[in-house]
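Every chain is numbered from 1, with letters handed out A, B, ... down the list of sequences.
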2 protein chains.
Amino acid sequence: MSVTREKIIELGEHHIRTKGYNAFSYQDISTELGIKNAAVHYYFPTKENLGTSIVKTNIQRFEEMIDNMHSRGFDEWKQLDTFIKIYIKSHREQKLCIVGSLGPDFNTLSETTKAELIKMTEVILTWLTSILTQGKEKQIFVFSEDPQIKATIILSSLVASLQLSRIIDKIDYKSICHAIIKDLKP
Amino acid sequence: MSVTREKIIELGEHHIRTKGYNAFSYQDISTELGIKNAAVHYYFPTKENLGTSIVKTNIQRFEEMIDNMHSRGFDEWKQLDTFIKIYIKSHREQKLCIVGSLGPDFNTLSETTKAELIKMTEVILTWLTSILTQGKEKQIFVFSEDPQIKATIILSSLVASLQLSRIIDKIDYKSICHAIIKDLKP
DNA sequence: GTCTATATTCCGATAGAC
DNA sequence: GTCTATCGGAATATAGAC
């Protein structure tokens, strides 16, 4: 796997999460790599190829994180905490998450990119629902809603709070995360 | 005020909330109006003029709604319910809200459009914080978080659930809203 | 295998016709 | 006051050089 290819994916993801899918161009990426924009087309013939690869990479990264947490025997609290830390890091880097960046552009994406974004969102929601369900059974989480609904609300809170923080500078993102966590405590 | 101008704003808002700010063109709007794209420039010289006007219109609409609710003597429950109904309508029409559409594109907007989007978000959050505060004092709302934090979480839940619903078709948006409401009940 | 020169299309925007 | 013909540039993408 070429290093240029990996850098393109990295830069593409950066631009999606800061400017949005429809606001960045191959030119942006090629300039930063010191090559011509057409060179990027060698690695990713079309922009939808690139978009799809970026989402696929993110799915892989997320699944590796889950596997890692499972093999380390993380309990539900530790897992949720690790997940939320990803969002705190995003906020620190002034980036949105992939789902929150591409979601609003969904109708402009190709069918293959849409399919990957659907998969990514499903993977996250399924995992979040499962740790909420298990945590509730063990009585280490307390909530009255259906786990699937609660998972959607928690993810939504994390996703859109990043977006709102970008608009309103003074929003304290860590306090938001702290409140989400506290809400689940017995 | 010209009817063409109003239609342009209406179509522009539609496109922002379905495709995103950077994915629609003056061509899209002009074609639907049966005129040339340059005619749109007569009403809005630049795209940032149009974007700014669209957000301004939305602020005005929101403020009129608040005034209307106040003059009708709506209590906090009725006000929150009216607000959430806007989001349920958005979901039914398969549109995002303005804040959730333009938020991810924030870094690509002009300074004037940014300023209006900041104002719009502040107006919503300020209002939501105030009814939460008042409702808590009257003991008709129950929550332990700081009202400002709670307002941000509620708005985030509404905003991003629209985005997630677009990706995952089977999400039951009304159940999300119902859960948000139930969570505040004594 | 890697990249450049180039084509094509579409974008936002200006100047000027009616 | 309203709209059209047209421009300059940037976008994605192809064909072909090294």
Checklist entry - Counting side-chain heavy atoms from CB outward, which of dA13(C), dC11(C), dT2(C) is closest to Gln27(B)? => result dC11(C)
Next on the checklist: Using a 3.5 Å distance criterion without hydrogens, assess whether the side chain of Arg17(B) forms a donor-acceptor pair with backbone atoms of Gly12(B).
Outcome noted: no
Checklist entry - Is it true that the side chains of Trp127(A) and Gln79(A) contain a donor and an acceptor less than 3.5 Å apart? => result yes
Next on the checklist: Regarding Thr46(A), tell me which of base, sugar-phosphate or nothing describes its non-hydrogen contacts under 4.0 Å with the strands shown.
Outcome noted: sugar-phosphate
Checklist entry - For the side chain of Asn107(B) and the backbone of Thr18(A), is there at least one donor-acceptor N/O pair under 3.5 Å apart? => result yes
Checklist entry - Do the side-chain N or O atoms of Ser25(A) get closer than 4.0 angstrom to the phosphate oxygens (OP1, OP2) of dA10(D)? => result no
Item to check | Among dT12(D), dT4(D), dA5(C), the nucleotide that comes nearest once only the side chain of Ala38(A) is considered | outcome: dA5(C)
Next on the checklist: Heavy atoms within less than 4.0 Å of DNA chain D: which residues of residues 102-112 of chain A have one? Give them sorted by number.
Outcome noted: none
Item to check | Interatomic distance where CD belongs to Glu48(A) and P belongs to dA13(D) [whole Å] | outcome: 7 Å
Checklist entry - Over how many whole Å does the gap from Tyr26(B) atom OH to dC3(D) atom P extend? => result 14 Å
Checklist entry - OP1, OP2 of dC3(C) versus side-chain N and O of Tyr43(A): anything below 4.0 Å? => result yes
Checklist entry - Below 4.0 angstrom, N of the basic side chain to O of the carboxylate: do Asp28(B) and Lys19(B) qualify? => result yes
Checklist entry - Separation of Leu50(B) atom CG from dG12(C) atom P, in whole Å? => result 10 Å
Item to check | Gap between atoms NE2 and P, on His41(A) and dT14(D) respectively (whole Å) | outcome: 8 Å
Item to check | Whole angstrom value for the distance that separates P of dA10(D) from CD1 of Ile29(A) | outcome: 18 Å
Item to check | Asn22(A) CG - dC10(C) P separation (whole Å) | outcome: 15 Å
Item to check | Residues Asp81(A) and Lys85(A) bridged, charged N to O under 4.0 Å | outcome: yes
Item to check | Separation of atom CD1 in Ile35(B) from atom P in dT2(D), rounded to whole Å | outcome: 11 Å
Item to check | Atom-to-atom span, CZ of Phe44(B) to P of dT2(D) - whole angstrom | outcome: 12 Å
Checklist entry - With the threshold set at 4.0 Å, does a side-chain nitrogen-carboxylate oxygen contact exist between Arg72(B) and Asp67(B)? => result no
Next on the checklist: Nearest to the Tyr42(A) side chain among dT2(C), dT2(D), dA13(C), which nucleotide is it?
Outcome noted: dT2(C)
Item to check | Nearest-neighbour nucleotide for the Lys36(B) side chain, dG12(C), dT4(D), dT4(C) considered | outcome: dT4(D)
Next on the checklist: Side chain of Ala39(A), heavy atoms from C-beta onward: which of dG12(C), dA11(D), dC3(C) has the nearest atom to it?
Outcome noted: dC3(C)
Checklist entry - With a 4.0 Å cut-off, would you call Glu13(A) and Arg61(A) a salt bridge? => result yes
Item to check | Salt-bridge contact Lys114(B)-Asp105(B) (side-chain N to carboxylate O under 4.0 Å) | outcome: no
Checklist entry - With respect to the side chain of Asn37(B), which nucleotide from dA13(C), dC11(C), dC3(C) is positioned closest? => result dA13(C)
Checklist entry - How is Phe24(A) classified with respect to the nucleic acid when contacts are heavy atoms under 4.0 Å: base, sugar-phosphate, or nothing? => result sugar-phosphate
